[in-house]
*Asks:* 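Attaching a single structure in structure tokens format; questions to follow.
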Amino acid sequence: SVVHNNFISDTASEGIWIVHTTNNIIISNNSISTIGSYNKGIIIYGVNNTLIHNIITTSGSAYGVMIYGSDNILMYNHINTLGRYAGGILMFDKSTIINNDINSAEAYNIFLPDPEYYSLNNIPLPDFAGYDVQSNFGNGKPIIFLKNLRNQIIDLSGQDIASLIIVNSTNSIIRNAYISEDGLLLYLLNTSIIENSIIDISKPDVTALLAFADLSDIKNNFIKTNKTTGISIIGQKNFVYLNNITSISGSGILLGYPYGSSSSITKLNILDSNLIFTSSADAGISLNGVYNNSLISNSIYTFGSLTDGIRADSSVQNNIFNNNITTFGGNSNGITLVDSCCSTINSNIITIRNITSNSSFGISIYDFPCCPSYYNKIYNNLINTTLSNYVSAGSLNFWNTTLQFATNIMNGSLIGGNFYARANGSGFSQICPDNNSNGICDIPLIHNSGNVDYLPLARPMPVNISPIPVI
């Protein structure tokens with residue numbers, strides 16, 4: 001069968017919709033324009049179909065081409081999508097995509113399905129290794145597609161590319177990419193390294209680096225996004241370190257899915273020594289539905305209203321250690337826990353610079369009626385606020401450890417609870433009595449009935465050194 005030479009203009013529905021086909025339909029030389037909010041240019045449920053030399057424009061929040069089924073062929077099509085969330089091509093199984101010119105104004109030019117969705121729902125994975133994607137352009141720049149890499153080094157120096165898509169690859173190194181339209185998409189990456197690349201994205205619906213990966217390193221990359229997340233990780237045992245991330249609107253780093261979805265396989269990742277700047281109503285680092293990850297020695301600066309340094313939603317048993325967090329915006333917390341339990345937060349320096357908002361806290365813990373935040377262990381942190389808001393606490397949490405001889409965050413000799421400071425010197429730890437000069441306040445700090453710091457740190461006493469006599 002052939003569908004060709006049609007002119008479909010300003011339709012408020014799908015341009016062409018073909019269902020349950022297996023008989024090699026050829027769709028060619030059609031000109032299609034859709035104006036509805038969610039109306040695709042071409043949508044096909046079937047296999048072994050060919051789309052060639054079509055001109056497709058969508059103005060709503062819809063893909064130009066969406067195909068459910070395998071072994072379809074897209075060649076020499078011109079696809080323009082103008083709306084929010086409107087990507088160029090979305091393919092749900094192995095297909096051939098060659099020599100297409102795609103221009104998505106706000107979303108991905110080519111996007112593949114989410115492998116974790118299939119795993120969590122016991123659905124067989126698409127044949128990612130079977131995709132054949134070659135010689136396509138996105139917003140006038142090359143789209144590079146690499147698959148089945150084994151023990152290879154890919155150096156992309158000197159190229160300005162729209163996107164880099166890597167699938168089903170292991171034990172490989174990808175370095176020195178410059179990506180400026182659709183970001184870096186990693187599907188089923190294992191024991192590999194992404195390094196020394198620049199990803200500069202202005203589209204609002206494109207994550208700069210989206211990784212469905214395990215046991216891989218993401219290091220020494222420079223990432224800038226104007227309207228979305230810098231790095232998003234779905235997977236386990238990845239090491240993300242020494243990256244420089246600026247996110248104008250979105251999280252700097254996201255572990256798990258956004259918007260409340262759980263990601264049970266996102267665990268045992270380490271985020272270490274990243275430099276993050278963000279001004280969105282989000283967070284420097286966001287944890288969403290994940291567990292047993294470590295956030296270590298990151299430097300986080302947030303500037304916008306409602307922009308936390310670190311935020312954990314529905315996440316458990318994470319370790320937040322030795323981070324330096326500074327917030328400048330109103331209603332912005334250093335660390336926020338929502339419906340999250342059993343994590344350890346210690347040895348962080350949290351500075352709240354906002355001078356007008358009484359709703360900015362060093363550490364804020366929220367409960368939901370169904371899902372309280374409890375049993376988090378929070379100690380040896382320096383919480384430095386401009387106003388008097390050290391913490392906003394939920395259910396039962398632990399604000400000190402057992403007293404132990406070790407250097408604390410204020411260079412004192414005992415570790416117990418936290419140090420609570422104010423910029424003007426009137427913080428609890430700065431003025432509390434410490435009659436035995438051991439660096440522990442003589443009175444507890446009661447946040448509420450279930451949240452008491454029994455061993456708050458006091459200002460260390462100066463050490464008097466006798467002068468050495470001159471002989």
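Quantities reported herein were computed from a predicted structural model and do not represent experimental measurements. Scope of the values below: all heavy atoms of this structure, side chains included, with no hydrogens, waters or symmetry mates.
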*Asks:* Side-chain donor-acceptor pair under 3.5 Å between Asp282 and Thr278, yes or no?
*Replies:* no
*Asks:* For Asp93 and Tyr68, test the side chains for any donor-to-acceptor distance below 3.5 angstrom and give the result as yes or no.
*Replies:* no
*Asks:* Where do Gly60 and Ala86 come nearest, in terms of heavy atoms and distance?
*Replies:* O-CB, 3.3 Å
*Asks:* Under 3.5 Å, is there a donor-acceptor pair linking the side chains of Lys141 and Ser180?
*Replies:* yes
*Asks:* Tell me yes or no: between the side chains of Asn288 and Asp313, is some donor less than 3.5 Å from an acceptor?
*Replies:* no
*Asks:* Do Asn319 and Thr344 get their side chains close enough for a donor-acceptor pair, meaning under 3.5 Å?
*Replies:* no
*Asks:* Will you find, in the side chains of Asn269 and Asn238, an N or O donor that is under 3.5 Å from an N or O acceptor?
*Replies:* yes
*Asks:* Classify the side-chain pair Thr191/Asn171 by whether it contains a donor and acceptor separated by less than 3.5 Å.
*Replies:* yes
*Asks:* Go through the side-chain N and O atoms of Ser347 and Asn322 and say whether any donor and acceptor fall under 3.5 Å apart.
*Replies:* no
*Asks:* Can Ser202 and Asn226 be counted as having a side-chain donor-acceptor contact under 3.5 angstrom?
*Replies:* no
*Asks:* Taking atom CG of Leu189 and atom OG of Ser216, what is their separation to the nearest 0.5 Å?
*Replies:* 4.0 Å
*Asks:* A quick test of your reading: do over 12 heavy atoms of other residues, nucleotides or ligands sit less than 6.0 Å from CZ of Phe92?
*Replies:* yes
*Asks:* Ignoring hydrogens and angles, state whether a donor on the side chain of Thr34 or Thr58 is under 3.5 Å from an acceptor on the partner side chain.
*Replies:* no
*Asks:* Looking just at side-chain N and O atoms, do Tyr131 and Lys94 make a donor-acceptor pair shorter than 3.5 Å?
*Replies:* no
*Asks:* Consider only side-chain N and O atoms of Asp132 and Gln134, and report whether a donor and an acceptor are under 3.5 Å apart.
*Replies:* yes
*Asks:* I want to check a possible cation-pi pair here: Lys237 against Phe239, using under 6.0 Å from ring centre and within 45° of the ring axis as the test.
*Replies:* no
*Asks:* Say whether, by atom type as modelled, one donor and one acceptor occur between the side chain of Asn333 and the main chain of Ile335 under 3.5 angstrom.
*Replies:* no
*Asks:* More than 12 heavy atoms of other residues, nucleotides or ligands under 6.0 Å from NZ of Lys147: is that the case?
*Replies:* yes
*Asks:* Taking the basic N atoms (NZ, or NE/NH1/NH2) and the acidic carboxylate oxygens, is any pair closer than 4.0 Å for Glu106 and Lys203?
*Replies:* no
*Asks:* For Ser286 and Ser251, does a side-chain donor sit closer than 3.5 Å to a side-chain acceptor?
*Replies:* yes
*Asks:* Any side-chain donor paired with an acceptor under 3.5 Å for Ser314 and Asp339?
*Replies:* yes
*Asks:* Give the ring-plane orientation class for His53 versus Tyr76, where under 30° counts as parallel, over 60° as perpendicular and anything between as tilted.
*Replies:* parallel
